[in-house]
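Take a look at the structure below.
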Amino acid sequence: MELTGAEIVTRCLAEEGVEFVFGYPGGAVLNIYDEIFKQNSFKHVLVRHEQAAVHAADAFARASGKVGVALVTSGPGATNAVTGIATAYMDSIPVVILSGQVPTAAIGLDAFQEVDAVGITRPCVKHNFLVKDVRDLAATIKKAFHIAATGRPGPVLVDIPKDVTSHKTEFAYPDSVSMRSYNPVLKGHSGQIKKAAQMLLEAKRPMIYTGGGVVLGNASEQVTELAKLLHYPVTNTLMGLGGYPATDRQFLGMLGMHGTYEANMAMQHCDVLLAVGARFDDRVIGNPAHFAREQRRIVHIDVDPSSISKRVKVDVPIVGDVQQVLDEMLKLLKASKEKPDEAALNTWWTQIELWRSRNCLKYNRDSEIIKPQFVVEKLWEITKGDAIVTSDVGQHQMWAAQFYKFDKPRRWLNSGGLGTMGVGLPYAMGAQLAHPDAAIACITGESSIQMCIQELSTCKQYRLPVKIVNLNNRYMGMVRQWQEFFYGSRYAESYMESLPDFVKLAEAYGHVGMKIEKTADVEAALKEAFSPAMKERLVFMDFITDQTENVFPMVEGGKGLSEMILAEEL
Amino acid sequence: MRHIISLLMENEAGALSRVAGLFSARGYNIESLTVAPTEDATLSRMTIVTVGSEDVIEQIIKQLNKLVDVVKVLDLTEGSHIERELMLVKVRAAGKEREELKRMADIFRGRIIDVADLSYTIELTGTGTKLDAFLEAIDESVILETVRTGASGIGRGDRILKV
């Protein structure tokens, strides 16, 4: 039987087992929306702005490990989606974005709501397609899901002109995809893996450094097993948190610009470094020349060859799926008669404990004014470390990363690569839909939350009981911190004047609002928000925090990883 | 160093802009870029001449391979290869200039492919350096117009780029 393009779209999504489509209707996608109305294999979630549709789809993917799906109309629908797409691209998140397009005959004629969506998104997608013939539609959607989810994942956009959604053709969904131009390497080179295992065993000062690739590649079990087997220290990047249990003694905390003293020092001074699914980016190792001053041998496992030797030369590159490669490496290590050098390892751990004893994350716990770190610590306690935490971008993001100890992967959703303010709330929506029974906390700030505040309405419509932890310091905190350190405390445009009354705002959207102004009230507020009485409610907690608190340690841009500014040095 | 990168890619709309966009987005140099379909109409072959350090060239090749439409990439300059470029030069040719330009074209094994009352159009093939040398050899003031294709390249002997 012949189906219209619009029917084919919904049938393809059903075939892919899609549960939620996050979207916003408009002229070019009306045929598709009409088919969505008639089907019940997936649920459509109506957001209030297309940016949030892509963010929510992205978060659904991060939290569930499945491909997220967003649907937007042509023109402004597509351009509004771009920030969401770029965010997913920078963090390698599998998302399929379907965008409407003006009819094929109108393309290029500056039609109403026409933009070159394929052109605009080209630099921030893994791949994109313009479907000009309805006969190509099903195969293209199949390819889009395949490309998004395999290899190094990423967003894929499929642009569908309106006439293609009304044209008819026979529908057959392909079982598999075969593309001569796209075959990601998954199995690592055995010789290289052997060399790497040997190098690990020879280490005197070993270090394991893992990133978002371990979370995306579902390899945290392997990383944990490997670290435990060898008793080597582990650090995670911002994107990699949860890849290794944060409450474990072998975990040195996050590394990088706001990483812990012990993680950064160990990273700088190790003699053998195992990097897994991480990319040595500027926020992680700081100045690459400074990093290279210390001699160390590096093993780098990544599914994307272009991530290897991009900023830092490595000795043993291994291209492959991190889980498969680590499995093979574990097998070798377990079978090996050689064991790590225990004496050297003890010396190394002694050094690390010395660094750890600097207690680089300490802050004033006796303050009457609420310290943001305290709120995050209490949140961790009250949720028993078991919440899925989303964050926006800025100081609160760093405090969340430093003080909420993630023991499991896919519990920490934030925009690490692009650093998109506004993701927190839509991320919480996507996470809540992926895990309806989980406690979802959105740690945000008064500046970030306002960038997608309209989604409070979506949360009401779909009864998403997320808990918003607003660390309200009346500043764009991270901007203010840089201005204090590097611009002579000239706080140019970083003060948020005319803030709304967030309690009333939450109530206006039909939610529960709380304002917490004293340290003594923090625990009670959090307990109430996460109590069974609030199980079905969105609670917006507006914590009035210390305006002058800064994030430490800090590696200034362009400086070396071990050149940290610590709190007590100021 | 100068490198000649050959690649085979799916002959799809927008494929060229993916490559061009990659070079501009990541700040790589393009000296020249040529593209045309191959004997297999579903494939296009592209020759890119670029300049960069070994690290940059390594990244360029990895990034090109990462493009979903790209089937194969080869750095021709890594082995023995042949490079050719086509140039058409229109020169003012009147009076005794005609004899002189004909001689120069012959020396460079060029061909005169259009003869008009006051001009010749000379076709010349060779490496970029040879074409440059021709332009230097003739009197600059007679050059009316030049057009060059950019380099195409192919490996020698059994160095073959094929799907």
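The figures here come from the full heavy-atom set of this structure, side chains too, leaving out hydrogens, waters and symmetry mates.
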ask   = Among residues 1-10 of chain B, which residues come closer than 4.5 Å to chain A, judged by heavy atom distances?
value = B:Glu10
query = Just by modelled atom types, is the B:Thr34 backbone N or O under 3.5 Å from a matching donor or acceptor in the B:Arg45 side chain?
reply = no
key: Max heavy-atom pair count under 4.5 Å with chain B, selected residue of A:Asp304, A:Ile147, A:Val118   = A:Asp304
ask   = If we ignore angles and hydrogens, is there a donor and acceptor under 3.5 Å between the side chains of B:Lys90 and B:Ser119?
value = no
note = Most contact-rich option vs chain B, by heavy-atom pairs under 4.5 angstrom, among A:Lys313, A:Arg152, A:Lys310, A:Arg180, is A:Arg180
ask   = Which bit of B:Thr42 is near chain A, if near means a heavy-atom gap under 4.5 Å: side chain, backbone, both or neither?
value = both
note = Heaviest contributor of heavy-atom pairs below 4.5 Å to chain A, chosen from B:Lys72, B:Glu58, B:Glu12, B:Arg18, is B:Arg18
inquiry  = Consider salt bridge (charged side-chain N to carboxylate O under 4.0 Å, His left out). Of B:Arg103, B:Lys102, B:Arg109, which one does B:Asp106 pass it with?
reply    = B:Lys102
message = Is B:Asp69 close to chain A through its backbone or its side chain, or both, or neither, when contacts mean heavy atoms under 4.5 Å?
response = both
message = Just checking A:Phe280 against A:His300, ring centres under 6.0 Å apart?
response = yes
inquiry  = Check whether A:Ser181 reaches the backbone of B:Val68 with its side chain - one donor and one acceptor, N or O, closer than 3.5 Å.
reply    = yes
Between A:Thr150 and A:Tyr182, a side-chain donor and acceptor under 3.5 Å = yes
ask   = Are A:Asp281 and A:Arg283 ion-paired here, with the side-chain N under 4.0 Å from a carboxylate O?
value = no
request  = Identify which of B:Val163, B:Leu67, B:Ile61, B:Val70 forms the greatest number of heavy-atom pairs closer than 4.5 Å to chain A.
outcome  = B:Val70
request  = Answer whether the closest heavy-atom distance between the side chains of A:Thr169 and A:Ile8 falls below 4.5 Å.
outcome  = yes
key: Check: A:Ile308 main-chain N/O paired with B:Lys62 side-chain donor or acceptor under 3.5 Å   = yes
